[in-house]
Amino acid sequence: MPAPAKETAETPAAIGVHGAADLPGITVTSYNLEVKDKDGFLGDRASGTAFRSFLRDWRRTLREMGKDPFDEDLDARISKKKLDKFLAEGDADAAAVVQGAIEDFARNLAHVAGRFLSQKSWREVSHIVVGGGLIEARVGELAVARTAALLRADDIKVTLETLRHHPDEGGLIGCLHLAPSWIFSGYDGIVAVDIGGSNIRAGIVRHNVKKDSLLKKADVCRFDLWRHADETRLGREAAVDRLVEMIQGLVKKAESEKLSVAPFIGIACPGIIEADGSIRRGAQNLPGKWDSEHFLLPERIRSAIPTIDGHDTLVVMHNDAVVQGLSQRPWMTEVPNWAVLTIGTGLGNASYANRPETKD
């Protein structure tokens with residue numbers, strides 16, 4: 001990503017700027033870091049895809065011994081719920097396969113975290129929040145706990161914790177931290193979108209500032225999910241059309257239920273987000289070509305939905321790991337420097353520096 005702005009209390013927050021480094025009260029010091037070694041990108045070894053690869057390797061080892069406890073083919077996708085069940089209730093061989101994958105994955109995640117912590121933008125980080133789809137399962141929680149133990153054993157002093165929100169909701173709730181302050185006094189909530197390598201999520205997010213001014217009580221009150229990974233030959237234009245339909249459906253539902261939605265749409269999207277709303281790189285898991293200077297998703301959304309509640313629509317987009325991490329911000333106010341790792345189709349990352357609140 002471009003070099004972040006200097007971190008000072010006087011730095012004004014960027015309102016309505018895509019991929020901004022400075023947001024109200026917080027600076028995004030880095031995101032989408034691409035740390036390499038001789039074997040390629042380190043993040044590829046600690047992704048959800050990597051965990052599945054470790055699981056397959058352990059099954060293959062037991063299969064050679066005639067003991068594979070799973071009925072599925074080696075390449076079949078075994079649900080996280082089923083893995084949790086095997087871990088808790090399965091026989092010794094089944095539990096051993098899952099535990100072996102957890103151990104291998106945790107060692108890789110600890111190595112990746114250690115390398116990130118050696119980067120300039122991460123050197124002051126004292127807390128790492130781990131999010132993404134894997135942590136919604138017990139296997140993910142155990143992997144994070146084991147990673148924390150391995151880091152402590154290597155005398156790396158950092159606290160690991162899992163995202164407080166469900167992974168389906170964290171990337172939506174984090175969009176509140178991209179919104180201008182007038183939204184919180186004039187409306188009940190916003191429209192938020194979280195675009196992932198497998199799913200696109202959209203929802204109405206209520207800020208509930210009267211219950212908690214730090215947004216700890218924010219929630220997703222209306223939700224829609226589309227698993228685009230299941231679609232064959234899906235192009236970018238069809239995906240954008242489907243996203244527009246999702247947003248329009250949510251706005252209409254909110255209107256029918258007398259829920260006051262601000263003319264603001266926050267978007268979390270993979271890749272390096274430029275100020276004009278283009279994606280420089282990092283969107284390779286999305287359907288079609290999204291990382292192009294000629295494709296401006298925020299403008300496409302605003303053109304399709306020019307107004308909400310009779311007012312011009314403002315659309316702001318940022319990196320998906322950045323946004324998911326921002327959902328944890330209300331609980332990180334006393335932590336000067338912190339970071340997030342999101343375990344999804346790939347491994348997302350972002351780091352932050354808290355600073356005194358500035359006025360919009």
Side-chain angles (χ1 to χ4, degrees), residues 4 7 13 19-33 46 48 109 112-113 116-117 121-122 124-137 140-141 143-145 147-148 151 158-179 184 189-190 192-194 196 201 203 205-209 211-220 223 266-270 316 318-344 347-357:
E7 301 165 25
D22 289 294
L23 300 170
I26 193 168
T27 296
V28 181
T29 55
S30 72
Y31 72 89
N32 211 64
L33 286 180
L109 184 58
V112 171
F116 276 123
L117 289 164
S121 58
W122 279 57
E124 301 300 319
V125 167
S126 62
H127 287 64
I128 299 176
V129 178
V130 184
L134 190 64
I135 66 161
E136 69 180 285
E141 293 177 350
V144 172
T147 301
L151 289 169
V158 65
T159 299
L160 261 65
E161 58 186 82
T162 55
L163 195 76
R164 288 175 179 257
H165 298 289
H166 188 284
D168 281 347
E169 298 184 348
L172 300 176
I173 291 174
C175 287
L176 285 171
H177 298 271
L178 305 178
F184 304 113
I190 66 168
V193 174
D194 182 12
R201 304 167 184 85
V205 180
R206 293 183 299 193
H207 50 71
N208 294 320
V209 293
K211 295 180 180 179
D212 186 275
S213 61
L214 295 178
L215 304 180
K216 288 183 178 179
K217 300 296 184 181
D219 65 358
V220 180
F223 179 76
I267 301 176
C269 184
V316 178
H318 215 309
N319 173 267
D320 56 343
V322 169
V323 176
Q324 189 168 147
L326 287 173
S327 72
Q328 193 84 356
R329 185 186 168 203
W331 293 273
M332 306 299 285
T333 56
E334 302 302 317
V335 182
N337 299 89
W338 53 286
V340 64
L341 294 172
T342 59
I343 306 169
L347 181 72
N349 65 82
S351 60
Y352 313 87
N354 285 325
R355 53 189 173 79
E357 188 71 58

> In Å, rounded to the nearest 0.5 Å, how long is the span from CE of M332 to OG of S126?
Replying inline: 7.0 Å

> Are V28 and L23 side-chain neighbours, meaning at least one heavy-atom pair lies under 4.5 Å?
Replying inline: yes

> Hey, does the side chain of D320 reach the backbone of G196 with a donor-acceptor pair shorter than 3.5 angstrom?
Replying inline: no

> Which pair of heavy atoms, one from G131 and one from L163, lies closest together, and at what distance?
Replying inline: CA-CB, 4.1 Å

>> For the CG atom of L33 and the CG atom of L341, what is their distance to the nearest 0.5 Å?
In response: 10.0 Å

>> Nearest 0.5 angstrom please: L176 CG to I190 CD1, how far?
In response: 4.5 Å

List, one per line, each side-chain donor-acceptor pair under 3.5 Å for residues 167-175, sequence neighbours excluded.
{"unit_1": "D168", "atom_1": "OD1", "unit_2": "R201", "atom_2": "NE", "d": "2.6"}
{"unit_1": "D168", "atom_1": "OD1", "unit_2": "R201", "atom_2": "NH2", "d": "3.3"}

>> Exactly one of T29, L326, N337, T27 should register a side chain to side chain contact (heavy atoms under 4.5 Å, CB included) with Y352. Which one does?
In response: L326

> Taking atom NE2 of H177 and atom CD1 of I26, what is their separation to the nearest 0.5 Å?
Replying inline: 8.5 Å

>> Once rounded to the nearest 0.5 Å, what's the spacing between atom CD1 of I128 and atom CG of N349?
In response: 10.0 Å

> Which distance, rounded to the nearest 0.5 Å, do you find between the OG of S351 and the CH2 of W338?
Replying inline: 10.0 Å

>> Looking at every heavy atom in both L178 and V323, which two are closest together, and how far apart are they?
In response: CD1-CG2, 4.1 Å

> Taking H207 for the side chain and L215 for the main chain, is one N or O donor matched with an acceptor at less than 3.5 Å?
Replying inline: no

> Is a side-chain N or O of N208 found less than 3.5 angstrom from the main chain of K211, in a donor-acceptor match?
Replying inline: no

> Would you call the rings of W122 and F116 parallel, tilted or perpendicular if under 30° counts as parallel and over 60° as perpendicular?
Replying inline: parallel

>> Please give me the minimum heavy-atom distance between I343 and L347, naming the atom from each residue.
In response: CG1-CD1, 3.9 Å

> What heavy-atom pair brings V220 and G203 nearest, and what distance separates the two atoms?
Replying inline: CG1-CA, 4.4 Å

>> Minimum heavy-atom separation for A350 and V322, please, with both atom names.
In response: CB-CG2, 3.7 Å

> Counting only N and O atoms by type, is there a donor-acceptor contact under 3.5 Å from the side chain of E161 to the main-chain atoms of H127?
Replying inline: no

>> Donor-acceptor check, side chain of E136 to backbone of H166, threshold 3.5 angstrom: yes or no?
In response: no

> Does K217 offer a backbone N or O that forms a donor-acceptor pair with the side chain of D212 under 3.5 Å?
Replying inline: no

